[in-house]
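When a ligand or atom number is given, it counts from 1 through the structure's own listing order. What you are looking at is a predicted structure, and each value in this text was computed from that prediction instead of being measured.
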Amino acid sequence: MTAPVSDVRAILAARPALLQDACRRALAYLDGLGERRVAPAAEAVAALRGLDFALPGPGLDASHVLAMLDELGSPATVASAGPRYFGFVTGGTLPAAQAAAWLVAAWDQNAALAVMSPAAAALNAVALRWVGELLGLPAGTAGGFVTGATMANATCLAAGRDAVLARHGWDAAGQGLAGAPPVTVVVGAEVHAAVRKALGLVGLGRDRATVLPADGQGRIDPSALPALGGPALVCLQAGNVNSGASDPFVPLIAWAREHGAWVHVDGAFGLWAAASPAAAPQVAGVGEADSWAADAHKWLNTTYDCGIALVRDRGALRSAMEATAAYLPGEGGTEPMNLTPQSSQRARGVEVWAALAFLGRDGVAELVDRTCRLARRFAGGMAQAGHDVLNEVVLNQVVVAFGDAERTDAVIAAVQDGGTCWCGPTTWRGRKAMRVSVSCWNTTEEDIDRSIAAVRACAER
Ligand SMILES: Cc1ncc(COP(=O)(O)O)c(C=O)c1O
């Protein structure tokens, strides 16, 4: 029966059953993740047409809306939260984070201001402090939760841009970039596309950066660094999206400092290596930078979307991000809306708090170490079968080729079609390859072995 939205009593009366039904369906979905096809079947994708109908005049019953979503939507999802999804860098959600997300959805808080949600603001602040401590960042590092690493990079680069221009007497937040002294931007040859996009968003241009050469693993080569003059931003990387390798921070940051440059690190997933004593040497010295972008929705395994922008100088972040108005609280030094590009925002920090409280320092290190170990196991299985592992497996990423481009494409297509696991394509140092990213808390050795067998069977076909 249709429940008109004006019938508040009826909607309230139906709410418990509706949410219990949602919970039951969600649990059934999660229970099926481990054994279902990873990529959805073509018929399931085609059936999504059933969700595309003329917007109804009188609305539909909420339980019917939910049933349609589950019956037509769930089968057409990718099992990226399951144990054998190795595409992009996509961790599944930890149950502790998922439970927090469900509770936060019930809270329905706007985390823009403490006055709008004392709980969200307090948990945001604790989560940011824990992240900074875990990653070995300087005490007092400021930050905020944003949609993902693309926005985290843009947030940090906006703060860096304004700070280096202020040192040269220019108020970029107030006056913009027209007439400003030119800002020199430096990136590595293997800079992630998200950093280029972020540079474009903050008015520094996707394509005008000086590009430093990289070595065979994608790390900036620190042996021949140019002199920098005037305001300068140096963009480094923790965790290449293909190889997993990180730039050598110690010499690069020392060089940038000599020239008075702001150092920003894109550490979307790789920054989490700093949380593991075993993996931390990969990112040695990263804490000396000025700003860092990371994602909780990648290796920390919270739900989407959850990027983290971290800036050493709170004042620099705040002056780039603050917004004032008569109806807003005057003291904005710690308010999330004054440390991030968005004003209204969901309470992303709550899930990060829950994930970190559940994992503890030891659990984050174990998650990082285990996924790195499983990536090495995957690479070993590929090498043993005679396939070309193209990278040194220093983190959780593996790049593997199966002969020429055509054959590699055919193997990737067969792997995806087979449904046991999912890996995506890439081109690494001029060679077509398959990317494997092991980023999920629930992947086991058995999942890796099943996936190796599936890939080998596709390659032998
Ligand atoms: C190194 C790096 N930077 C940035 C991004 C973009 O992250 P997001 O999709 O959260 O914006 C990614 C995504 O894989 C990445 O690996």
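Checked by atom type and distance alone, the side chain of Ser117 never pairs as donor or acceptor with a backbone atom of Ala114 at under 3.5 Å. The main-chain N or O of Trp107 is found under 3.5 Å from a side-chain atom of Gln109 such that the two form a donor-acceptor pair. In this structure, Thr426 contributes its side chain and Trp428 its backbone to no donor-acceptor pair below 3.5 Å. No donor-acceptor pair under 3.5 Å is formed between the side chain of Trp299 and the backbone N or O of Ala273. Side-chain atoms of Thr408 come within 3.5 Å of backbone atoms of Phe402 as a donor-acceptor pair (strictly under, hydrogens ignored). A donor-acceptor pair under 3.5 Å links the side-chain atoms of Asn396 to the main chain of Val438, judged by distance alone.
A salt bridge does not link Asp404 with Lys432: none of the charged nitrogens is closer than 4.0 Å to a carboxylate oxygen.
Residue pairs meeting the salt bridge (charged side-chain N to carboxylate O under 4.0 Å, His left out) criterion with at least one partner in residues 31-41, sequence neighbours excluded, are Glu35-Arg450.
Residue-ligand proximity, Gly239 to ligand 1, at heavy-atom distances under 4.0 Å covers atoms 1 (C). Against a heavy-atom cut-off of under 4.0 Å, Asp295 is close to the following atoms of ligand 1: 7 (O), 8 (P), 10 (O). Every atom of ligand 1 with a heavy atom of Ala268 under 4.0 Å away is listed here by number and element: 1 (C), 2 (C), 3 (N), 4 (C), 5 (C), 12 (C), 15 (C). Below 4.0 Å from some heavy atom of His297 lie the following atoms of ligand 1, by number and element: 10 (O). Residue Gly148 approaches ligand 1 through these ligand atoms, each under 4.0 Å from one of its heavy atoms: 10 (O), 11 (O).
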**Message:** Applying side-chain hydrogen bond (donor to acceptor under 3.5 Å, both in side chains) to Thr303 and Glu351, what does each step give before you reach the verdict?
**Reply:** CA-CA 8 Å; Thr303 66; Glu351 259 185 83; 2.8 Å; yes

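The N/O atoms of Gln237, backbone and side chain alike, include none that comes under 3.5 Å of an N/O atom in ligand 1. Checked against a 3.5 angstrom limit, the closest N/O atoms of Ala149 and ligand 1 fall inside it.
Distances shorter than 4.0 angstrom do not occur between any heavy atom of Gly307 and any atom of ligand 1. Heavy atoms of Met151 stay at 4.0 angstrom or farther from ligand 1.
At the top of the distance list for atom 12 (C) of ligand 1, counting protein heavy atoms only, stands His192 NE2, 3.3 Å. For atom 16 (O) of ligand 1, the closest non-hydrogen atom on the protein side is Val241 CG2, 3.4 Å. Of the protein's non-hydrogen atoms, Lys298 CE, 3.2 Å is the one closest to atom 14 (O) of ligand 1. Among protein heavy atoms, the minimum distance from atom 3 (N) of ligand 1 is reached at Asp266 OD2, 2.7 Å.
With 3.5 Å as the limit, one finds no donor-acceptor pair spanning the side chains of Gln237 and Asp247.
At a heavy-atom distance under 4.0 Å, only side-chain atoms of Ala194, from C-beta outward, approach ligand 1. Under 4.0 Å from ligand 1, heavy atoms of Thr150 appear from its side chain as well as its backbone. At a 4.0 Å heavy-atom cut-off, ligand 1 touches Phe269 through the side chain alone.
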